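This report concerns only the one structure given below.
These numbers come from a predicted model, not from an experiment. First the proteins, then the strands, lettered A, B, ... as listed; each starts at 1.
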There are 2 protein chains.
Amino acid sequence: MNIGQAAQASGVSTKMIRYYESIGLVPPAGRRDSGYRDFGPADLHRLGFIRRARDLGFSVERIRLLLELWSDTHRSNTEVKAIALTHIQELEERARQLQEMADNLRTLAQACDGDGRPDCPIIQGLEAGGEPACHSVHPARH
Amino acid sequence: MNIGQAAQASGVSTKMIRYYESIGLVPPAGRRDSGYRDFGPADLHRLGFIRRARDLGFSVERIRLLLELWSDTHRSNTEVKAIALTHIQELEERARQLQEMADNLRTLAQACDGDGRPDCPIIQGLEAGGEPACHSVHPARH
DNA sequence: GTTGACCTTCCCATCATGGGAAGGTGCAGG
DNA sequence: CCTGCACCTTCCCATGATGGGAAGGTCAAC
């Protein structure tokens, strides 16, 4: 199977398949005499695993861990679950931060009539935004 | 005022101040005889505007628009509000996608006991994840 | 044998940010 | 005056995951 067909079957682009090979996330594909890569069912299986993990937002490095656990028949599901729970927390933290930005901006936007006059509370909020909007330092606080 | 002091006062790192200057987001700072940049109150004001906009998740290009509107005394607040509302939608869309990933993963994780056995529904879900997971919806990268 | 679709490698771009090297400036203490 | 240290300058490189595109080889159908 050529790389294009493997891409279509797995849902991973040809660019990404080559990239994953280059960083060792998948083993080097077999080659035909022509130099073309040749993919078999096991390769597709692995690529599908990777794509589903990416669809769930896992980073490449986390996927590398998951792949190791996948191929380890003596793995403990405790480790897998720990990775998953950590990832869930990170996803929710990022979602929460984005939503917080949206909420803050909406507060500003609600004060703006948008009626065509030059007067604009949104601009004013950015201009002199009260406090330094507690950003960089300690994101802990829960 | 040196760049380090401007950085502390505005909450924008020295690296970022130079970068913003290089891409024309802020005008070239004045220079002393030594070649050191010299920042005045107007520069700090602009840097503070930029930092607050970034804290709200605006991209550099959007900030460029906002800065133009800021300096345009005849601006209409309609435009500003339109940018803000568009941005709110994008933020909430991204937050929603992240939360959806978290929810999907949590569904898998809840099926996993994490009791130390090799059997793991999370790995199984990644391995044979049913549907091709609807590829058309990517996390938006602007 | 030609054509067009596919493959190969290699380099470059993104976006916002930081790291670090090599060298100049400024100031305070001996 | 000299030394040291903290700061400044520019320049290059790296990130993470992805795509674009060029230059050139391969394959299959007509």
Grab the [atom1]-[atom2] distance between [X] and [N] for me, whole Å please.
| X | N | atom1 | atom2 | result |
| --- | --- | --- | --- | --- |
| A:Leu47 | D:dA17 | CG | P | 16 Å |
| A:Leu56 | D:dA17 | CG | P | 15 Å |
| A:Met1 | D:dC27 | CE | C1' | 17 Å |
| B:Met16 | C:dT17 | CE | C1' | 4 Å |
| A:Ile3 | C:dA5 | CD1 | C1' | 15 Å |
| B:Tyr19 | C:dC15 | OH | C1' | 6 Å |
| A:Arg54 | D:dG19 | CZ | C1' | 14 Å |
| A:Glu61 | D:dA14 | CD | C1' | 15 Å |

**Message:** For a quick check of understanding: with a heavy-atom distance under 4.0 Å over all strands, which category does A:Phe58 fall into, base, sugar-phosphate or nothing?
**Reply:** nothing
**Asked** With a non-hydrogen cut-off below 4.0 angstrom, is A:Ser59 in contact with a base, only sugar-phosphate, or nothing?
**Response**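 Answer is sugar-phosphate: A:Ser59 comes under 4.0 Å of backbone atoms only.
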Quick one: is [X] getting a side-chain N or O under 4.0 Å of the [N] phosphate, OP1 or OP2?
| X | N | answer |
| --- | --- | --- |
| B:Arg37 | C:dT25 | no |
| B:Arg62 | C:dA16 | no |
| B:Arg32 | C:dT25 | no |
| B:Ser13 | C:dG18 | yes |
| B:Arg18 | D:dC8 | no |

**Asked** Going by the angle between their ring planes, with limits at 30° and 60°, are B:His45 and B:Trp70 parallel, tilted or perpendicular?
**Response**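 The rings of B:His45 and B:Trp70 stand perpendicular, inter-plane angle above 60°.
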**Prompt:** Which residue, A:Asp115, A:Asp113, A:Asp119, forms the side-chain hydrogen bond (donor to acceptor under 3.5 Å, both in side chains) with B:Asn77?
**Reply:** A:Asp115
**Request:** Keeping to residues at least two apart or across chains, list the side-chain hydrogen bond (donor to acceptor under 3.5 Å, both in side chains) pairs with something in residues 16-27 of chain B.
**Result:** B:Glu21-B:Arg37
**Asked** Just wondering, do A:Arg64 and A:Ile23 contact through their side chains at under 4.5 Å, heavy atoms?
**Response** yes
**Prompt:** Does B:Arg62 come within less than 4.0 Å of B:Glu90, counting only side-chain N to carboxylate O?
**Reply:**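 Salt bridge: yes.
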**Prompt:** Are the charged groups of A:Arg96 and A:Glu100 less than 4.0 angstrom apart, N to O?
**Reply:**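 Salt bridge flag = yes for A:Glu100 with A:Arg96.
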**Asked** Given D:dT9, D:dT18, C:dA16, which nucleotide is nearest the side-chain atoms of A:Tyr20?
**Response**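 Nearest nucleotide to the side chain: D:dT18.
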Are there any protein N/O atoms within less than 3.5 Å of an N/O atom in nucleotides 22-24 of chain C, and if so, which ones and at what distance?
unit_1: C:dG24; atom_1: N2; unit_2: B:Tyr36; atom_2: OH; d: 2.7

**Request:** Just grab all the salt bridge (Lys or Arg N to Asp or Glu O under 4.0 Å) pairs involving residues 68-87 of chain B, residues at least two apart or on different chains.
**Result:** none
**Asked** Starting at the 5' end of DNA chain D, which residue's closest nucleotide do you reach first, B:Lys15 or B:Gln5?
**Response**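 Taking each residue's closest nucleotide, the earlier one in sequence belongs to B:Gln5.
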**Message:** For a quick test of reading the model, state the closest non-hydrogen atom pair linking B:Pro121 to B:Ala111 and the distance between them.
**Reply:** CG-O, 3.1 Å
**Fill in**
Per nearest nucleotide of DNA chain C, the residue lying toward the 5' end, B:Asp33 or B:Val60, is B:Val60
